[in-house]
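As structure tokens, the structure follows; a few thoughts come after it.
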Amino acid sequence: MTAKPTPTPTPQSSSASQSKSASAFGAVSASPSFPKLEEEVLAFWDEQQIYEKSLARRADAPTFVFFEGPPTANGMPHPGHCLTRAIKDVFPRYKTMRGYRCERKAGWDTHGLPVEVEVGKELGIHSKEEIEAYGVEPFIQKCQQSVWRYMREWETLTRRLGFWVDLKQAYVTYHQSYVESVWWSLKNLFDRGLLYQGHKIVWWWAQGGTALSAGEVGQGYREVADPSVYVLFPLISSEASTSKRSLVVWTTTPWTLPSNMYAAVKSDLEYAVVEDSETGEQLVLAAALVETLAGKIKRELKVVETVSGASLVGQRYEPPFSDYRDRLSDPQGSLKTGEQEHLYWRVVAADFVTTDSGSGLVHLAPAFGEVDYEVLAEERLRFVESDRPELLCAVGPDGKFTDEFPALKGEWVKSTDKTLTRQLRDGGKLLHQEQYLHDYPFCWRADDDPLIQYPRESWFIRTTKFRELMLKNNSQIGWQPEHIRDGRFGNFLDSNVDWALSRERYWGTPLPIWVCQSTGRMEAVCSYDELLAKPDVQGTEVWDQAKKANPELADDLRVHKPYIDAVTYASPFEPGARMKRVTEVIDCWYDSGAMPFAQWGWPHQNDDRFAEQFPADFISEAIDQTRGWFYSQLAISTMLFGEGASVDVSDSPTPVAKDVTGSALTTSADQAYPYPYRNCIVLGLMLSQWYEATPKDGGAKIIALTEEETAEHPGMSFTKKTGKMSKQLRNYRSPSEIFDRYGADAMRWYFFANQAPWNSIIYADGAIRDSIPEFLLRLWNTFSFFTIYAEIDGFDPTTATDADEQLSPESLASAPTYRPVSERSEIDRWVISETNVAIDVIVQRMDSLDNYNACQAITSLLDGLSNWYVRRSRDRYWAKETQSQDKHDAYWTLYETLLQLTKVIAPFVPFLSEKLWQELTRPFGDRVLKSVHLCDYPVADTARIDMDLSQSMKVLREIASLGRSARADAKLKVRLPLSAVEVILTDDSQIAWLQSHDSLVREELNVKNVAYTTDGGDYVQYSVVPNFKRLGPKVGKQIPVVKKLLGEADGNELLSQLQSVGKVTLSLPDGSELELDNDDIEVRLKAREGWAAAQGPSCVVVLNTEVTDDLRREGIAKDLIRAIQSQRKEINCDYTDRIEVGIVTQDAETLQAIELHRDMICEETLAERLVVEALPNVTPVEIECGELFVAKVSV
RNA sequence: GGGCGUGUAGCUCAGUUGGUUAGAGCGCGUCGCUGAUAACGACGAGGUCCCAGAUUCGAGUUCUGGCACGCCCA
């Protein structure tokens, strides 16, 4: 093994001969503060407008279209938002470097109930009445202001994370131009007959006076105990003789009983008439539930007869509360068949009735249940139009009983269960009562308010008409992961129902429909100007006055409530009548879905921008957006621009949008599917991981985010938890704190490199911290190593006079010291080959939107560079001769590789890469691009890829690894030289190459000689196994036999047969013979017992364990060198400081070692003098064999 | 109740078209290195691939049925 030379040259020669470039790279901190570095980079980007420049460079390039799904800036961002924004950043950055123009327009979702709730909290008000009392005008003004409250937080996060997006040009959903785009689209739908009004049973927040979307309802489910009552509905018998008989009807919502209309059975279910042993009454219920009920009421129920459900249908009963019956007197109506039937209080058939719980008879109050309502709808169809049953509803929109149920008028229904139950009991109509645990929705913003189902008049979009088109669209979208297409999203589209569009709220896009106050006929309006152009417009002064009173008022508010409601005009449908707007605003999901065109204010403006920026090539959000933004976008775009849209338009009887605006609507219908986004990465949800302890005194829970933090609470026992991030629990670190502690790159890298993005990610604080040494610091160390020696040796890349502004590898070739790669050493060619292989993989993966595997390739490249290339090349940088070609090669190779790597990682860790770029290109000054983000992404140079070399090096690394393993087993430390190792391989294909490049192995393993052979009979046992992949298809069922035969045969024998004849022949039990060639079988090695050996997949490494005196003394010398080097550091020697060394020892062999290896010791440690006595005025350190004195020599 | 997804080492996760020795990082243990050093490296231990069936010469991978968890919807 060659001695490890010291860093050279001397300080004098260094500064003298290389003064020009010696400071070229500058000093690099060994332990950088990444957060601080990132702040500097941010300032640099701002100052130099790098983002703007990166776009400008691609002004004429093909587009890569990205849509920003607008976040609702209605709360503080948490780590989950960082993931979304990081993914949204990495691909546009990558595509930009790959030569595309990728604009990134930010956007904000500003409308909706969440904002209203937030403002309500601030004002201390809750219900719609309170808002009305406060005043709609000041209320929506507050809403508009509130939206900006968290915006700064979001902008700070966005910037600090390095998410490049144009915040200055952000689209905002309440802006007039945006609202008018939405109006245009709604008018289009209206004119095509796709907007209609209907009844809908909705989940209703009575206190807030609004319906909640399915998503909102879903957020509020929690388990509660509700009363479960079995109520008797006495049947009205036509035969007076039969004894009293009642239906047993079950419900968990007693408050709906006053509005009862029917009782439902299932036709094909068996029902039993039983006699109550106690009262003698006859009860009707599902036969399957008789025993259960008997158990509950602890009475015997004797079955009198059984009947089918169908036979019960049509029987009439007395409703549990008689108010309606008293008032309506149990009317009859004419069926379409001509017969008469009672409108209410009959048994009807319904498929949803089960015997899972209850009694098999279900109370129907169609006002308060969607399925109940459907039954009513069917019933109505049986009657002639003038005689249909009305919807009975004794509850007002405020959730309180109305005049229809005078007994409890004005009472909040959910608190009347007890009273009602008592009344039933008093009336002898309550058979049984118990508590029932089930999930029930509450208002997600007002925890204490249970929701009720309630009928509302609502506007719908006929999306069901577009189901097939949406599915077709969906089928063409590149979903990541793919199962979204046919799974969650596909199923959702499959079961599409019409979009309930309207909201009876205040802060939202107003529904642009005006109604004739006389005829009720309607028309839609697509812009404010169109409205103003209507005949005899009145009411605009309301806005004018508000603006006059408060000039600060945003002009955008004029298209909002209440101002827009004041605007009326003359009805085109009847002379003298006025047109007045409907009162509703729309679902803010519609706003977000309109974003592809509304962000440009299209079609009222920006035809060209829209044409160019639609559809998107790439969008990404978390999986909760499946029914949100992913759907709203797809639905709206399909309806407006999809196949057949223009046909619908031309068929429309009323003037359509394109005539009003002059914009061509049909551009889209020509475009190919898919709409409106081609690719979508669906991110998993982010969970948190933390440690939790509950104090014994029952105080508040203590939350620790890392294991270390738990130590701050001695005596507490913490349990590790994984779950949702919770604002209340504060079980996650705020993004800004993460940035301050670890930096944005650390977080980004963790997100990109640790799991496929669609998995739910468990955010663990420690995991982000860990990504620093794993990747960032390792890269930094490699870079720092380079600068230290480049500095010392005065490596000057600017001698490449033709270097281009991106320092591409080709252009560096102009340097006089630059040799073609093919002429450089194996290890240089290897690392360059590996780099190009990695680039090839990374580009492929990133083009497929696969950041995870791209990062894997980066990690393994960095590992090769740091743990093999640099480690094995250190001697070359330390070599004395500063101008040797080998040294030049080493620098150029490392420099190039670092440059390439810097570009490769730029989209992932934009800060660190920027810093590296600045440092690496510093010698070139203004000749190179200011930012790595302005560079082109590297492209693999296939000419530099050498797969054979790559394969051989892999074996070499395996040999080194096995050698170390064998040393460890034999307890022979690496510092002790050994005379030889023998490497036994299965075949000779790589021996020649290995032999000619064995210095790496000799150095790595600290051995004098390496021998390679395929003939290792003494050391190893051979065994032969089938190559299943190849033989499987060939011999099929014989495989187990072949395997057995090969296993039983003598491996060494088979091998020699194979080597001499090129094949082996097996005699199978069935008498046939099977010939196997080299590729059909696989030779395996196993080290024999008794040798210091280790085996790997392709070879066995055997150590010669004989330690001669010479070897032992050399080992001692190396131990001494180590001790001296360590002491050099201890006394703060500079790299090039000279020292003198004294060693005091009684050990004769150590003294011999010193004499024998004096030169090597001095050379390696830069010792000018080495004596075997104490040095005066120097504090000694203990070493194994005595005392060591090291002192700096003053110059 | 329905849909979708997940289940692999102590932890967090990979695992391409089925191929017989299931991988990485962290953590742990042992050792090494000591001028890339508040770092780093090597080696090692650690697995019933959730369970049960089926298909197949061969299943972590395909199919069926369970179980557990998560999300979405009722």
Side-chain angles (χ1 to χ4, degrees), chain A residues 4 6-7 28 30-31 214-215 217-218 221 354 356 370-371 439 481 483-484 486-492 494-495 622-624 626-627 684-685 687 689 707 720 722-724 750 753-756 758-762 764 766-767 769-771 773-775 777-778 780-789 852-853 856 859-860 863 866-867 870-871 874 877-878 960-969 971 973-975 1004 1025-1033 1035-1043 1082 1084 1094 1097 1121-1129 1133-1137 1164-1166:
Chain A
K4 197 178 290 166
T6 52
V28 165
S31 49
V217 174
Y221 274 92
T354 68
D356 291 347
E370 216 172 331
V371 289
D439 287 327
H483 61 71
I484 299 287
D486 297 323
R488 197 173 280 213
F489 197 60
N491 288 342
F492 177 62
D494 252 340
S495 54
I623 193 164
D624 57 347
T626 312
R627 285 138 209 271
L685 293 170
L687 305 172
Q689 195 165 76
E707 212 166 349
K720 191 174 179 182
T722 301
K724 279 187 182 172
Y750 168 68
N754 278 277
Q755 59 276 304
W758 44 84
N759 277 347
S760 23
I761 292 182
I762 297 180
R769 190 190 49 209
D770 288 344
S771 75
E774 278 169 25
F775 181 73
L777 200 56
R778 181 182 287 183
W780 185 268
N781 282 340
T782 309
F783 159 72
S784 154
F785 174 88
F786 167 79
T787 58
I788 287 170
Y789 291 98
Y852 175 76
N853 285 297
Q856 295 291 301
T859 303
S860 97
D863 177 68
S866 164
N867 288 340
V870 170
R871 197 155 61 85
R874 279 196 269 205
Y877 300 97
W878 292 335
S961 167
L962 291 172
R964 282 188 295 265
S965 173
R967 266 188 180 269
D969 282 348
K971 300 203 188 314
K973 59 183 176 182
V974 179
R975 223 181 285 119
E1004 188 69 16
V1025 294
N1027 177 352
F1028 289 97
K1029 201 164 187 172
R1030 199 180 141 97
L1031 274 184
V1035 306
K1037 298 196 180 200
Q1038 303 271 40
I1039 275 255
V1041 181
V1042 175
K1043 184 182 177 184
E1082 210 174 295
R1084 293 204 178 139
I1121 290 170
R1122 199 222 109 196
I1124 298 166
Q1125 296 286 39
S1126 163
Q1127 192 57 19
R1128 273 184 69 101
K1129 202 179 94 193
C1133 280
D1134 214 347
Y1135 289 95
T1136 49
D1137 285 337
E1164 288 227 10
T1165 61
L1166 291 192

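Atoms considered below: every heavy atom in the structure, side chains included; atoms not considered: hydrogens, waters and symmetry mates. Convention: sequence-line order gives letters A, B, ...; per-chain numbering from 1.
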Using Watson-Crick or G-U wobble geometry with both distances below 3.5 Å, tell me the partner of B:C4, or none.
-> B:G70

For A:Pro1026, report the nucleic acid contact type (base, sugar-phosphate, nothing); a contact means any heavy atom under 4.0 Å.
-> nothing

Taking only N and O in the side chain of A:Arg778, is any of them less than 4.0 Å away from OP1 or OP2 of B:A39?
-> no

Could you please name the partner base of B:G35, counting Watson-Crick and G-U wobble pairs only when both distances are under 3.5 Å?
-> none

If you check every side-chain atom of A:Ile1039, which of B:C57, B:C40, B:C26 has the closest atom?
-> B:C57

From B:A39, B:G19, B:C4, pick the nucleotide closest to the side chain of A:Asn781?
-> B:A39

What distance, rounded to whole Å, do you find between the two P atoms, one in B:C26 and one in B:G66?
-> 41 Å

Atom CG of A:Leu1166 and atom CD1 of A:Ile1124: how far apart are they, to the nearest 0.5 Å?
-> 11.0 Å

Atom CD1 of A:Ile484 to atom C1' of B:G5: distance rounded to whole Å?
-> 8 Å

On RNA chain B, check which nucleotide each of A:Ile1121 and A:Leu687 is closest to and give me the residue with the more 5' one.
-> A:Ile1121

In whole angstrom, what separates A:Ile623's CD1 from B:U6's P?
-> 10 Å

P atoms of B:G53 and B:A74, separation to the nearest Å = 39 Å

What's the CG-P distance between A:Leu777 and B:G41, to the nearest Å?
-> 10 Å

Picking from B:G19, B:G41, B:C57, the nucleotide nearest the side-chain atoms of A:Phe1028 would be B:G19

So which nucleotide from B:C71, B:G25, B:G35 ends up closest to the side chain of A:Leu685?
-> B:C71

Please list, chain by chain and in numerical order, all residues satisfying side-chain hydrogen bond (donor to acceptor under 3.5 Å, both in side chains) with A:Asp494, sequence neighbours excluded.
-> A:Arg467

Hey, does the side chain of A:Asn867 come within less than 4.0 Å of B:G41's phosphate (OP1/OP2), counting only N and O?
-> yes

Of the listed nucleotides B:C13, B:C43, B:C4, the one nearest the side chain of A:Arg488 = B:C4

With the side chain of A:Gln1125 defined as its heavy atoms from C-beta on, choose the nearest nucleotide among B:C73, B:G35, B:C13.
-> B:G35

B:C26 -> Watson-Crick or G-U wobble partner, both distances under 3.5 Å, gives B:G10

So do A:Tyr789 and A:Arg874 actually touch side chain to side chain, heavy atoms under 4.5 Å?
-> no

A:Lys1029 has a side chain; which of B:U17, B:C40, B:G44 sits nearest to it?
-> B:U17

Given that both distances must come in under 3.5 Å, which nucleotide forms a Watson-Crick or G-U wobble pair with B:U48?
-> none

When the P atoms of B:G15 and B:A24 are considered, how many whole Å apart are they?
-> 15 Å

Validation row: A:Thr626, A:Ile623 side chains within 4.5 angstrom (heavy atoms) | yes

Do side-chain atoms of A:Arg871 reach the backbone of A:Asn867 as a donor and acceptor pair under 3.5 angstrom?
-> yes

Take the protein atom CZ of A:Phe489 and the nucleotide atom P of B:C73, then report the distance between them rounded to whole Å.
-> 14 Å

In Å and rounded to the nearest 0.5 Å, what is the CZ to CZ distance from A:Phe783 to A:Phe786?
-> 8.5 Å

Rounded to whole Å, CD of A:Glu774 lies from C1' of B:A39 at a distance of 15 Å

Would you say the side-chain atoms of A:Arg627 pair up with the backbone N or O of A:Phe492, donor to acceptor, closer than 3.5 Å?
-> no

Expressed in whole Å, how much space separates the P atoms belonging to B:C50 and B:A59?
-> 15 Å

Which part of the nucleic acid, if any, lies within reach of A:Arg874 when heavy atoms closer than 4.0 Å are counted: base, sugar-phosphate only, or nothing?
-> base

Give A:Tyr852 one of three labels, base, sugar-phosphate or nothing, depending on what nucleic acid heavy atoms sit under 4.0 Å from its own.
-> sugar-phosphate

So, do A:Gln856 and A:Tyr852 sit near enough that their side-chain heavy atoms are less than 4.5 Å apart?
-> yes

Interatomic distance, A:Gln856 CD vs B:C13 P [rounded to whole Å] = 14 Å

Determine the contact category for A:Ser866: base if any of its heavy atoms lies under 4.0 Å from a base atom, sugar-phosphate if only primed atoms, P, OP1 or OP2 are that close, otherwise nothing.
-> base

Reckon A:Ala756 touches a base, only the sugar-phosphate, or nothing at all at heavy-atom distances under 4.0 Å?
-> sugar-phosphate

Closest nucleotide among B:G41, B:U12, B:G19 to the A:Gln755 side chain = B:U12

Please measure how far the P atom in B:A54 lies from the corresponding atom in B:U61, and state the result in whole Å.
-> 14 Å

Are any non-hydrogen side-chain atoms of A:Arg778 and A:Asp863 less than 4.5 angstrom apart?
-> yes

Partner nucleotide, any strand, of B:G19 [Watson-Crick/G-U, under 3.5 Å] = B:C57

Report which part of the nucleic acid A:Val870 touches: base, sugar-phosphate, or nothing (heavy-atom distance under 4.0 Å, all strands).
-> base

Taking the C1' atom of each, how far is B:G23 from B:G60, in whole Å?
-> 12 Å

Which of the following nucleotides, B:A36, B:A42, B:C4, is nearest to the side chain of A:His483?
-> B:C4

What interatomic distance, in whole Å, is found between P of B:A39 and the corresponding atom of B:C73?
-> 47 Å

Position toward the 5' end of RNA chain B (nearest nucleotide), A:Ala767 or A:Asn1027 | A:Ala767

Rounded distance in Å between the C1' positions of B:U16 and B:A22 | 14 Å

Starting at atom NZ of A:Lys1043, determine the distance to atom P of B:C57, rounded to an integer number of angstrom.
-> 15 Å

Closest to the A:Ser961 side chain, choosing from B:C43, B:G25, B:C57 = B:C43

Taking atom C1' of B:G23 as reference, at what distance in whole Å does atom CG of A:Asp863 sit?
-> 14 Å

Across the strands shown, which category fits A:Thr782 at heavy-atom distances under 4.0 angstrom: base, sugar-phosphate, nothing?
-> base

